[in-house]
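What follows is one structure encoded as structure tokens, with my remarks underneath.
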Protein chains: 4
Amino acid sequence: MPRVKSPETENNILKAAIECFSQEGFTKTTISSIAKKAGISHATVFLYFSSKEDLFEKAVIGPQHWFYEKQVGLIQSTTGNSLEQLSQMVHLHVDFYMKQADYLRLVQYVFGQKERFRSIVNQIYSYTDQYIDVLEEVVKKVQEEGMIHNDQVRLTCWSYFSFLNGISLTFNENVSSEQMNQFKVSAERILGIGMRT
Amino acid sequence: MPRVKSPETENNILKAAIECFSQEGFTKTTISSIAKKAGISHATVFLYFSSKEDLFEKAVIGPQHWFYEKQVGLIQSTTGNSLEQLSQMVHLHVDFYMKQADYLRLVQYVFGQKERFRSIVNQIYSYTDQYIDVLEEVVKKVQEEGMIHNDQVRLTCWSYFSFLNGISLTFNENVSSEQMNQFKVSAERILGIGMRT
Amino acid sequence: MPRVKSPETENNILKAAIECFSQEGFTKTTISSIAKKAGISHATVFLYFSSKEDLFEKAVIGPQHWFYEKQVGLIQSTTGNSLEQLSQMVHLHVDFYMKQADYLRLVQYVFGQKERFRSIVNQIYSYTDQYIDVLEEVVKKVQEEGMIHNDQVRLTCWSYFSFLNGISLTFNENVSSEQMNQFKVSAERILGIGMRT
Amino acid sequence: MPRVKSPETENNILKAAIECFSQEGFTKTTISSIAKKAGISHATVFLYFSSKEDLFEKAVIGPQHWFYEKQVGLIQSTTGNSLEQLSQMVHLHVDFYMKQADYLRLVQYVFGQKERFRSIVNQIYSYTDQYIDVLEEVVKKVQEEGMIHNDQVRLTCWSYFSFLNGISLTFNENVSSEQMNQFKVSAERILGIGMRT
DNA sequence: TATGAATGAGTGTTCATTCAT
DNA sequence: GATGAATGAACACTCATTCAT
């Protein structure tokens, strides 16, 4: 982070960049459109980021730390016995994923072009891996208490994670609360809870 | 009598286009690169498609019919009692989605930029709706036999569909067979079957 | 002239070419548009003319012979004493020039870009020179009869010729008969006749 | 504070554009050739003009105001009695038209393709109309003094104007002074003066 | 520091021309 | 002989990046 002048400006650029890149993709988005949205001149962008690629990478990677902290935070904010905690986490996760549509679209855009954005994809995978670690712990704990059973906890966690991405991709606009509830049920089922048989 | 425009060439262009567009996105992909991959001159592309936009739309929409026919076909190819059939369908679906990574990435790319590709997105939604119709029927039949229970069958089907897209997005390369199996288990769970409690 | 197959087709092409070239200029006009107007395929044009340049040159030069024969014919078709004949000629000339707007526009187009179409321009000048020869003879004859006086007969003829081109250029659509009459008066005045003092 | 867009550069582009367009026509002329002649990069042209069409229109229309001011100025610069003034005006006009060959060729090029450049043609007609207004006044004044007679003053003025364009079109290079003098005589005759019978 | 002017590299698209049938 | 498919050359226009102020 060059931190040349105003960190506020830097943030404005990054926010504008996330919006533009997620709506139009990398190549279609112009530096000018980002600058305009950030309320500055296009040339100023280059004072804060060395190139369009640099800005893109920072816009995608930058929020990752916060993003996964947030997810972990959701887990830690739960209360009750561990089964109840897991269920609460699922609810919070689904809500969170549907609310972060903009940024998630950007991440999904990058994931859809793995060869093109190899280096960024790898960085995100590494963040995700850490998060899956945390998730795995939680699920394992519930399992040890005998309340659910999953042969392959880690792989189950990846399924869960994929599901969250899948719903965010398919429904990033106009989701009903009924639909949201169903997503939560489905997510719980993936983790082995919530079956009402 | 002059030479005749070859349907084979048209197909080569479409195949090349799907590959390129899914790897690089719309704007980054050049007509030249598509032409090169199809083994023709870039100008020839314009003999078959009126513009880059036209080619893109046809590359995305074209396979939809086949794609959903295929999915419906998978359902019909199953045997046994209806629960077994549903389970078989899930297995075939997961396999199919992981194999169609290239094309699915393209569809997901379009979905990630709904404002930009509004018209295409709407067309795909309409295909998907039809497919969900079929899926709903199947699930309802199993349910009527009392073997599973889902309050919201249609919404459950959308969850199932989102999950398939989610795994295809997150893992479009190097998936282990263990992982594949877990995906199948998770998919079954979303539909309310496969819980081993 | 290759005279490959049908002279009728060749003529259709030339007629279409004159129309297109005079309306849109050389570069803007496409071989396809000419072919379409001539009711044939664009490739067929190349059976009759070796290149676009070739077709253009033939379309411009081709009618020159007929055009100046026609003008000379107008002179010879007059009757009465030589002053009356000159006046009749002027009337016929003005009518003729306003009627040949399409082709004249093409010639004027070429004249407006003398460097670009040097060779064609020179050929037209040589035709025009011959015509001015004829015109000069006529005017000189009237002058010898003492009915008009012009110091510089040849230069006066060029003025007359320039005037005809000038009105055709400025008014190639919607000319009133009043205007036509005034043109005739003006043309006569250039030649030294028609002054009503 | 950044550099400022220079009006000098804009003028250079316009001058280069007039030269190129008048020599090669609209389509044949490339933005690069204009830029080269103006001593700048082709991309810079688009900083000053939004498109090739825009540049063309401005190059054609731009000088119209100056052009007709100039013509009117010529009239006002004359001295002596009104007949002498008219004669002087004609001399100045002929000189002026032969000197403005470059720009006039461009105007004539546009006039030769009225359908293609309809909007520009209409704008020029409106300028010309104003100029003819002025000319008409002058001629009428001379006429009122009983020194010449023209039935249709306005139409005569259009003839005069057409003649000026005609000579400029036919002789935009290498005109002898003898020829120039004859042009002046012819122009005077159109207006009803200068007959030496 | 911040900006707008300037530009070179790049791309979609057109079109004259060639070629196979 | 006639045609439509195929193509390479060319061009308008865009945009990331640099530079002068």
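Within every chain, numbering begins at 1; the chains are lettered A, B, ... in the order of the sequence lines, protein sequences first and strands thereafter. The model shown is predicted, which means the values in this text are computed figures rather than measured ones.
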If I take atom [atom1] in residue [X] and atom [atom2] in nucleotide [N], what distance separates them, rounded to the nearest angstrom?
X	N	atom1	atom2	result
B:Phe49	F:dA5	CZ	C1'	15 Å
D:Leu47	E:dG8	CG	P	13 Å
B:Lys5	F:dA5	NZ	P	5 Å
A:Glu8	E:dA2	CD	C1'	15 Å
D:Lys36	F:dC11	NZ	P	12 Å
C:Ile13	F:dG1	CD1	P	14 Å

Original post:
Is C:Ser41 near enough to F:dA2 that one of its side-chain N or O atoms lies under 4.0 angstrom from OP1 or OP2?
Top reply: no

Original post:
Does a side-chain N or O from C:Tyr48 land closer than 4.0 Å to OP1 or OP2 of F:dA2, or not?
Top reply: yes

Original post:
Nearest nucleotide by nearest heavy atom, which residue falls closer to the 5' end of DNA chain F, C:Ile40 or B:Thr9?
Top reply: C:Ile40

Subject >> Mutual orientation of the aromatic rings belonging to D:Phe56 and D:Phe117 [parallel < 30°, tilted 30-60°, perpendicular > 60°] >> reply: tilted

Subject >> Parallel, tilted or perpendicular: ring planes of A:Tyr127 versus A:His65, cut at 30 and 60 degrees >> reply: perpendicular

Any side-chain heavy atom of [X] sitting closer than 4.5 Å to one from [Y]?
X	Y	result
B:Asp102	B:Leu106	no
C:Tyr109	D:Gln113	yes
D:Glu57	D:Phe49	no

Original post:
With sequence neighbours excluded, what pairs up with C:Ala35 under the side-chain contact (heavy atoms from CB on, under 4.5 Å) test?
Top reply: C:Ile40, C:His42, C:Val45

Original post:
Between A:Tyr103 and A:Gln64, is any side-chain donor less than 3.5 angstrom from a side-chain acceptor?
Top reply: yes

Original post:
How do A:Thr44 and D:Thr44 order along DNA chain E: which one's closest nucleotide is nearer the 5' end?
Top reply: A:Thr44

Original post:
Where each pair must be Watson-Crick or G-U wobble with both distances under 3.5 Å, what dot-bracket representation of DNA chain E is obtained, with crossing pairs in [ ] and other-strand partners as |?
Top reply: .||||||||||||||||||||

**OP:** List the steps and the verdict of salt bridge (charged side-chain N to carboxylate O under 4.0 Å, His left out) for A:Glu24 and A:Lys37.
**Re:** CA-CA 14 Å; A:Glu24 312 252 64; A:Lys37 193 163 273 183; over 6 Å; no

Subject >> Contact state string [nucleotides 10-17 of chain E, B base, S sugar-phosphate only, - no protein heavy atom under 4.0 Å] >> reply: -SSBBBSB

Original post:
When you look at CD of D:Glu8, are more than 12 heavy atoms from neighbouring residues, nucleotides or ligands closer to it than 6.0 Å?
Top reply: no

